[in-house]
Amino acid sequence: MNDNNEALKGYRGRARQCLSEWKVTVWSDVRIVNTAGSVFEGVILPRSENFDDLHLVLKQKTGYNVGIHVDRVSSIEELGYKKAVYKIPEKEFPSDPALPNVTLLGTGGTIASRLDYRTGAVIPAFTPGELYGAVPELADIANLTTKKIFGVFSENMGWPQYAALAQAIGDEIEAGADGIVIGHGTDTMGHTAAVLSFMVQQSPVPIVLVGSQRSSDRPSSDAALNLIHAVKAAGYGSIAEVQICMFGPTSDQYGLLHRGTRCRKMHSSYRSTFRTIGAIPLCRVSRDEFQPLTDDYLRRDPARQIQIDPVYDDNVTIVYYYPGMKPNLIEALVDKGYRGIVIAGTGLGHVNKPLYPALKKAVEKGVHVVMTVQTLWGYAQMYVYDTGRDLLDAGVVPLDNMIPETALMKLGWVLGHTDDHGEVLRMMRQPINCEITEREPHNGYLVLQGGLPETEDFVKGHWK
Ligand code: ASP
């Protein structure tokens, strides 16, 4: 065993101690027996970004990673040593004056990395050359410039990152980019798309967020196709809004472009995870064509002047109501200095009676409290029941069909401008890009989103 610091790369504390005790290192091919007698075989991977100091991570022969708690290790036997090759073949990204210039801004997430097939180690694949090596088709679509802004999984995005990203988008567009692609983890891509819709307005060109649900070591990875669709939408698409581009159906027939203020991740593992809520998606995109699903969007117009407004107050939160919630939760938020509370209420926008006085007091103390619905589809309609009216009387303001995360992002952005209650509510209720719509289209409930035709095929296949 090569027992030096470098060989235990990234391992800290007890995990590091465990590797040393059993005289194995990162890249050792091992057989681990746990305290229950189960046997795991595979290669010990380097510590990843979010790794604690209590687990060893093993790339198994099946291709899946497993984390083994150091307390459950009963023995480790070294079978060999398989060091990963970190380098992706870099090819020079060709430049063609006939193609549009697209800038890819990287923030991290699965899309920003490529896994080494043999070991499963994550390799950053981000320079133009690396991307060209991984997805050569991109060079036929656009001249791609890449810039890494952050390298984080998306739960680590936050207000300072949103502001920096908005600024970077503005700089690239001012410098003449024909379109922007933002590589982003999918988990919080909806939050980022929403906040960018407020911080970046009147864009002359498309701004397209893209990610991947499955890492590129899996044959079913959506990384390459999503990237191809996104670069196409950024370079040639006519929709100059902040939008999300991800798989439409579960199969790889086409991608969907979703409006940034109305989009949400709806499945933890399906590739077709993003869905437009309370509206229809903007467009279908495939390698060869765009199929617009609406004509209600901001058109590409190189003459338009972009507006970057990256202000925020991060003292905002969502309260996802549940039966039995106690008023001291609201009181604690007020005591801790929260300035804005988005409630995701039940049904048409309800919470239990014991919360009313606490909410009333919060409003009296100048906290801005708004109501959204946890059904996601539909409107907060607080005039329907007495209970809703009581909440209105307490000063809780309904946000119609704004989705809760979009409301949170908008409230943080609005509070960066003003703390005046009347002005906050006016700005919250005045839509900037369809975050509130007058009505939901009859086909807005998951129709046209790649789901239903597949369901019909499935049902037909089982019809006797
Ligand atoms: N957890 C990852 C993230 O959101 C998942 C992904 O990249 O899709 O960053």
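Start at 1 and go down the list; that is how both ligands and their atoms are numbered.
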- Query: Any idea which atoms of ligand 1 are less than 4.0 Å away from a heavy-atom of G109?
  - Reply: 7 (O), 9 (O)
- Message: If the cut-off is 4.0 Å to any non-hydrogen atom of F153, which atoms of ligand 1 fall inside it?
- Response: 2 (C), 9 (O)
Could you say whether the N/O atoms of [X] and ligand 1 ever approach to under 3.5 Å?
| X | result |
| --- | --- |
| S212 | yes |
| S154 | yes |
| Q213 | no |

- Query: Quick one: which of E405, H191, Q213 gives a side-chain hydrogen bond (donor to acceptor under 3.5 Å, both in side chains) with K265?
  - Reply: Q213
- Are Y312 and W413 close enough that their ring centres sit under 6.0 Å apart? no
Any salt bridge linking [X] with [Y]? Criterion: basic side-chain nitrogen under 4.0 Å from a carboxylate oxygen.
| X | Y | result |
| --- | --- | --- |
| R16 | D53 | no |
| E289 | R284 | no |
| R31 | E78 | no |
| E241 | R259 | yes |
| D400 | R429 | yes |

- Note on the structure: Looking only at protein heavy atoms, what sits closest to atom 1 (N) of ligand 1 is D187 OD2, 2.9 Å
- Query: Can you tell me which residue and heavy atom of the protein come closest to atom 6 (C) of ligand 1, and the distance to 0.1 Å?
  - Reply: T110 OG1, 3.2 Å
- Note on the structure: Ranking T186, T107, V152 by closest non-hydrogen atom to atom 8 (O) of ligand 1, top hit is T186
- So, does G108 sit close enough to ligand 1 that a heavy atom of it is under 4.0 Å from the ligand? no
